Amino acid sequence: MSGKVTQFMKTQKYRFDFGIDGKLYVVIFNGKIPQGELKELVSSLQNCLFERVPEIILLYLKQHHLEFSNYHNIEFSLEKDSVMEWANHLLNSESFKKVDENIGDADFYYAVMDCQENTPTYSEGCYFAVTRTTWGNGEPQHNAIVQAYLYHRETCEECGYFTIKKTIGNVLYTIDSSEGKPALPTFGCVDMVALLADIETINSKEDAIKTAIKWR
């Protein structure tokens with residue numbers, strides 16, 4: 001990017017967490033990324049395997065000549081119980097304190113988790129997309145779209161808990177929520193990265209469905 005775009009920006013710390021199938025892929029780096037470029041970077045991760053996220057992010061930074069340093073990518077084992085615990089916290093908490101504790105000193109944080117457990121009698125899991133940004137006045141702003149669900153195979157009954165939450169200033173708002181039939185399907189392709197890219201403008205369950213389910 002031109003120096004005219006970034007010369008007045010301070011260096012920020014960016015972190016991306018992508019979790020699926022028992023693996024967590026983490027990317028951390030310092031840099032100067034304008035708001036529009038950051039949205040395009042996140043959008044570029046759609047339709048790629050999560051294990052390729054570190055590769056795609058690095059390629060994007062280089063191809064777009066963005067300022068960055070101290071680039072690290074790390075792979076961890078991901079326990080289903082820990083992801084479900086985080087999802088339940090996001091569904092029920094009145095703050096994003098747990099998010100801030102987990103991401104350390106990152107200024108910008110983008111995360112997607114897609115976790116499920118299948119047994120002969122049930123399927124249980126969750127999806128969520130979470131961001132923490134510091135645009136504007138520099139105060140942290142949080143967004144989350146979360147669903148946890150349980151499907152009973154014998155009865156074909158489904159139960160889901162869905163919410164959209166965000167902070168405006170220092171106040172946490174539940175923008176939309178539902179309980180009962182899952183808002184997002186428990187089977188099939190749910191494009192959580194699309195939700196991540198547009199999370200700041202998604203304000204209803206219908207918006208989330210339209211964004212995440214391409215065939216609708």
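As the structure is a prediction and not an experimental result, all values here were calculated from the model. Just the heavy atoms: all of them, side chains too, but no hydrogens, waters or symmetry mates, feed the values below. In this chain, numbering begins with 1 at the start of the sequence shown.
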Looking only at non-hydrogen atoms, find the nearest pair between Met192 and Ala129 and report the distance.
CE-N, 3.7 Å
Minimum-distance pair of heavy atoms, taken over all atoms of Ala148 and Leu91:
CB-CD1, 3.8 Å
Could you go through Asn70 and Lys13, starting from their C-alpha distance and side-chain angles, then the distance that decides it, and tell me whether this counts as side-chain hydrogen bond (donor to acceptor under 3.5 Å, both in side chains)?
CA-CA 10 Å; Asn70 300 321; Lys13 189 169 185 176; over 6 Å; no
Heavy-atom distance under 4.5 Å between the side chains of Pro34 and Leu66, does that happen here?
yes
For a side chain to side chain contact (heavy atoms under 4.5 Å, CB included) check, start with the C-alpha distance between Leu90 and Val99, then their side-chain angles and the critical distance, and finish with the verdict.
CA-CA 9 Å; Leu90 291 168; Val99 174; 3.9 Å; yes
Hey, mind stepping through Asp107 and Thr134 against side-chain hydrogen bond (donor to acceptor under 3.5 Å, both in side chains) and telling me if it holds?
CA-CA 6 Å; Asp107 301 292; Thr134 55; 5.0 Å; no
Note: Asp207-Lys205 ion pair, threshold 4.0 Å (strictly below)
no
Can you measure from OG (Ser44) to CG (Leu59) and round to the nearest 0.5 angstrom?
8.5 Å
Provide the closest heavy-atom pair for Glu158 versus Pro182 in the form atom of the first, atom of the second, distance.
CB-CD, 3.7 Å
Pro140 and Arg132: which non-hydrogen atoms are nearest, and at how many Å?
CG-NH2, 3.3 Å
Membership question, hydrophobic clusters at under 4.5 Å side-chain separation (ILVMFWY): are Met84 and Leu24 in the same one?
no
side-chain hydrogen bond (donor to acceptor under 3.5 Å, both in side chains), that's the test. Do Gln116 and Tyr127 meet it? Break it down for me.
CA-CA 9 Å; Gln116 58 182 290; Tyr127 312 111; 5.4 Å; no
Look only at the side chain of Thr167 and the backbone of His142, and say whether a donor-acceptor pair between them is shorter than 3.5 Å.
yes
Hey, quick one: are Val53 and Met113 part of the same hydrophobic cluster, counting side-chain heavy atoms closer than 4.5 Å, chains of contacts allowed?
no
So, Glu37 and Tyr60: side-chain donor and acceptor under 3.5 Å apart, yes or no?
yes
Residue pair Val112, Phe128: steps toward the side chain to side chain contact (heavy atoms under 4.5 Å, CB included) verdict
CA-CA 6 Å; Val112 166; Phe128 60 82; over 6 Å; no
Between the CG atom in Asp176 and the CD1 atom in Ile145, the distance rounded to the nearest 0.5 Å is 10.5 Å
Any side-chain heavy atom of Asn203 within less than 4.5 Å of one from Ile164?
no
More than 12 heavy atoms of other residues, nucleotides or ligands under 6.0 Å from NZ of Lys62: yes or no?
no
For Lys32 and Lys10, run side chain to side chain contact (heavy atoms under 4.5 Å, CB included): C-alpha distance rounded to whole Å, both residues' side-chain angles, the deciding distance at 0.1 Å, then the answer.
CA-CA 7 Å; Lys32 296 181 179 182; Lys10 68 176 183 178; 5.9 Å; no
Got a sec: does the CD of Glu101 have more than 12 other heavy atoms crowding it under 6.0 Å?
yes
Do Tyr110 and Phe16 have ring centroids that are under 6.0 Å from one another?
yes
Please report the shortest heavy-atom distance between Leu41 and Ile33, naming the atom on each side.
CD1-CD1, 4.3 Å
Could you tell me whether the side chain of Pro185 reaches within less than 4.5 Å of the side chain of Val190, counting heavy atoms only?
yes
Rounded to the nearest 0.5 Å, what's the gap from CD1 on Ile56 to CD on Gln46? Could you check?
12.5 Å
Could you state the interatomic distance from CD (Glu117) to CG (Asp81), rounded to the nearest 0.5 Å?
7.5 Å
May I ask you to test the Glu67-Met9 pair for a side-chain heavy-atom distance under 4.5 Å?
no
Point-to-point distance, once rounded to the nearest 0.5 Å, from CZ of Phe18 to SG of Cys48:
7.5 Å
Salt bridge present between Lys39 and Asp198 (N-O < 4.0 angstrom)
yes
Residue pairs fulfilling ring pair (Phe, Tyr, Trp, His ring centres under 6.0 Å) with at least one residue in residues 150-179, sequence neighbours excluded:
Tyr151-Phe187
Among the clusters formed by ILVMFWY side chains lying less than 4.5 Å apart, do Val27 and Ile20 turn up in the same one?
yes
Contact check, side chains of Asn73 and Tyr25, non-hydrogen atoms, under 4.5 Å
no
Sidechain-backbone polar pair: Lys166 side chain, Glu200 backbone, donor-acceptor under 3.5 Å
yes
Thr119 side chain to Thr121 backbone, donor-acceptor under 3.5 Å:
yes
Same hydrophobic cluster for Phe76 and Ile57, using side-chain heavy-atom links shorter than 4.5 Å among ILVMFWY?
no
Do Phe29 and Tyr14 make the cut of ring centroids closer than 6.0 angstrom?
yes
NZ/NE/NH1/NH2 to OD/OE distance under 4.0 Å, Lys23 and Glu75:
yes
Under the side chain to side chain contact (heavy atoms under 4.5 Å, CB included) criterion, do Lys165 and Leu172 qualify, and how do the steps go?
CA-CA 7 Å; Lys165 292 184 177 182; Leu172 175 67; 4.1 Å; yes
Just wondering, do Pro120 and Arg153 contact through their side chains at under 4.5 Å, heavy atoms?
no
Could you check if a side-chain atom of Cys126 sits within less than 4.5 angstrom of a side-chain atom of Val146, using non-hydrogen atoms only?
no
Between CG of Leu150 and SG of Cys159, what distance do you get to the nearest 0.5 Å?
7.0 Å
Any donor-acceptor pair under 3.5 Å from Ser82 side chain to Glu79 backbone
yes
Given side chains that start at C-beta, do those of Ile202 and Thr211 come closer than 4.5 Å, heavy atoms only?
yes
Would you say Val42 ends up clustered with Leu49 if hydrophobic residues are merged whenever their side chains have heavy atoms under 4.5 Å apart, either directly or through other cluster members?
no
With Tyr109, the side-chain hydrogen bond (donor to acceptor under 3.5 Å, both in side chains) member among Asp17, Asn102, Thr131:
Asp17
Nearest heavy atoms of Arg15 and Ile28, plus distance in Å:
CG-CG1, 4.0 Å
